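This report concerns only the one structure given below.
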Amino acid sequence: MTAASEWTPRELNARIERGDEFFILDIRNRDEFEAGPIEGRKPLPQRNVPYFEILEASGDGDLVESFAKYARTELSSELPIDREILAVCAKGGTSEFMAQALRRLGYNATNLVGGMAAWGNHYQIKTVTDTRTLQIFQVQRPGRGCLSYVVVSDGHAAVVDPLRHIEHYIELAGEHGFAIDRVLDTHGHADHVSGASALAERLNVPYHLHPYDGIHPLDVLPARIPFEFVKDGSRLTVGRAQLEVLHIPGHTLGNTALLLDGQFLLSGDSIFI
């Protein structure tokens, strides 16, 4: 079998989730690669060769021919012949020429559509539980390793730790016919830009946060955005469901976890395994 000529970010995520064996040839600049390689549940075999270095070594003529020449002379001992090779660049344009070059040499090569920009902005939604009275959706951003949750009961919903692209939550609500009544951050996030304040403002609903994380950590000034204080033991209603706030300082001073109906714990990345 030969590989498809391109993978979408959704296809890439599916292959990572399945544990498929493939090799990544990343032709971004070294600093870009080191700052954000593609990662999976287990280490992914990959090689970074900046395309400027390829062009300097193999000439500045036809890109496909230049890439093929470099791969043939410099990478033949490293590129696998028994598995698919995914070519990756910043936006998916230059890596398409690399994929073509590798196929010309007989490799099973494909290109990541939209490159790392598309991978970084890819969202995927999974259903955690779906009963007559309660639904929990996990909203993933796999390229950033970030998770958020939507809790739904009786047509009402709370969004926990929303990521920056808030349209995904609005579209999910429209698709499943529920209203978002409240938005929460379990803590002040350092690994992603929170969409909580923007989502709450867009929908004109409360934004809940522990006050210790509403204080600027350096100059101790109060927050410049509106939010509703929660504390240890606060209870927030979502339809027939209830979220109990557990104050668990450590990750941040205002770090909280949310206990849903005494059954599900939304820990907000505060429990490290």
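Computed from a predicted structure; not experimentally measured.
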Residue pair [X] / [Y], side-chain heavy-atom distance below 4.5 Å:
| X | Y | answer |
| --- | --- | --- |
| His208 | Ser234 | no |
| His247 | Lys231 | no |
| Leu63 | Leu55 | yes |
| Ile27 | Thr94 | yes |
| Thr256 | Ser270 | no |

When you measure from the side chain of [X] to the backbone of [Y], do you find a donor-acceptor pair of N or O atoms at a distance under 3.5 Å?
| X | Y | value |
| --- | --- | --- |
| Arg103 | Ala109 | yes |
| Ser76 | Thr73 | no |
| Ser58 | Lys69 | no |
| Glu34 | Asp31 | no |
| Ser153 | Thr133 | yes |
| Asp181 | Ala158 | no |
| Ser194 | Ala196 | yes |
| Ser5 | Thr110 | no |
| Asp154 | His156 | no |
| Asp62 | Glu65 | yes |

So, [X] versus [Y]: side-chain donor-acceptor pair below 3.5 Å or not?
| X | Y | result |
| --- | --- | --- |
| His187 | Asp213 | no |
| Asn255 | His210 | no |
| Glu244 | Gln242 | no |
| Tyr51 | Ser95 | no |
| Asn121 | Arg141 | yes |

Is it true that atom [atom1] of [X] has more than 12 heavy atoms of other residues, nucleotides or ligands lying nearer than 6.0 Å?
| X | atom1 | answer |
| --- | --- | --- |
| Arg202 | CZ | no |
| Glu17 | CD | yes |
| Phe33 | CZ | yes |
| Arg41 | CZ | no |
| Arg164 | CZ | no |

Verdict with supporting geometry, Asn108 and Leu102, side chain to side chain contact (heavy atoms under 4.5 Å, CB included): CA-CA 7 Å; Asn108 206 356; Leu102 294 176; over 6 Å; no
[X] [atom1] to [Y] [atom2] distance, which is reported to the nearest 0.5 Å:
| X | Y | atom1 | atom2 | value |
| --- | --- | --- | --- | --- |
| Asp26 | Cys89 | CG | SG | 8.5 Å |
| Met98 | Leu25 | CE | CG | 5.0 Å |
| Arg182 | Leu203 | CZ | CG | 13.0 Å |
| Asn111 | Ile85 | CG | CD1 | 13.0 Å |
| Glu56 | Tyr70 | CD | OH | 10.0 Å |
| Glu175 | Ile125 | CD | CD1 | 7.0 Å |

Residues Arg15 and Glu11 bridged, charged N to O under 4.0 Å: yes
Would you call the rings of [X] and [Y] parallel, tilted or perpendicular, taking 30° and 60° as the class edges?
| X | Y | value |
| --- | --- | --- |
| His168 | His165 | perpendicular |
| Phe178 | Phe137 | parallel |
| Trp7 | Phe22 | perpendicular |

Co-members of Leu147 in a cluster of I, L, V, M, F, W and Y side chains, linked at under 4.5 Å: Val128, Leu134, Ile136, Tyr149, Val151, Val160, Leu184, Val230, Leu236, Val238, Leu243, Val245, Leu258, Leu260, Phe264, Leu266
ILVMFWY cluster membership beyond Val113 - transitive side-chain contacts under 4.5 angstrom: none
Write down the atom of [X], the atom of [Y], and the distance for their closest heavy-atom approach.
| X | Y | answer |
| --- | --- | --- |
| Leu253 | Pro249 | O-CB, 3.4 Å |
| Trp119 | Pro9 | CZ3-O, 3.5 Å |
| Arg30 | Pro50 | CG-CG, 3.5 Å |
| Ala101 | Val64 | CB-O, 3.3 Å |
| Pro80 | Tyr107 | O-CD2, 3.5 Å |
| Lys42 | Glu21 | NZ-OE2, 3.2 Å |

Stepwise side chain to side chain donor-acceptor pair (under 3.5 Å) check, Asn13 with His122: CA-CA 9 Å; Asn13 192 55; His122 173 62; 4.8 Å; no
When hydrophobic residues are tied together by side-chain contacts of less than 4.5 Å, even through go-betweens, does [X] share a cluster with [Y]?
| X | Y | value |
| --- | --- | --- |
| Leu209 | Ile215 | no |
| Ile38 | Tyr123 | no |
| Val193 | Val139 | no |
| Tyr212 | Phe227 | no |

CA sep, side-chain torsions, deciding dist, call: Ser66, Phe97, side chain to side chain contact (heavy atoms under 4.5 Å, CB included): CA-CA 10 Å; Ser66 295; Phe97 293 110; over 6 Å; no
Single hit among Val159, Val183, Leu199 for side-chain contact (heavy atoms from CB on, under 4.5 Å) with Val205: Val183
Residue from Glu84, Arg47, Gln46 passing side-chain contact (heavy atoms from CB on, under 4.5 Å) with Phe23: Arg47
Pair Asp161-His189, side chain to side chain contact (heavy atoms under 4.5 Å, CB included): steps then yes or no: CA-CA 9 Å; Asp161 292 334; His189 299 281; 2.9 Å; yes
Derivation and outcome, side chain to side chain contact (heavy atoms under 4.5 Å, CB included), residues His176 and Val152: CA-CA 10 Å; His176 290 271; Val152 184; over 6 Å; no
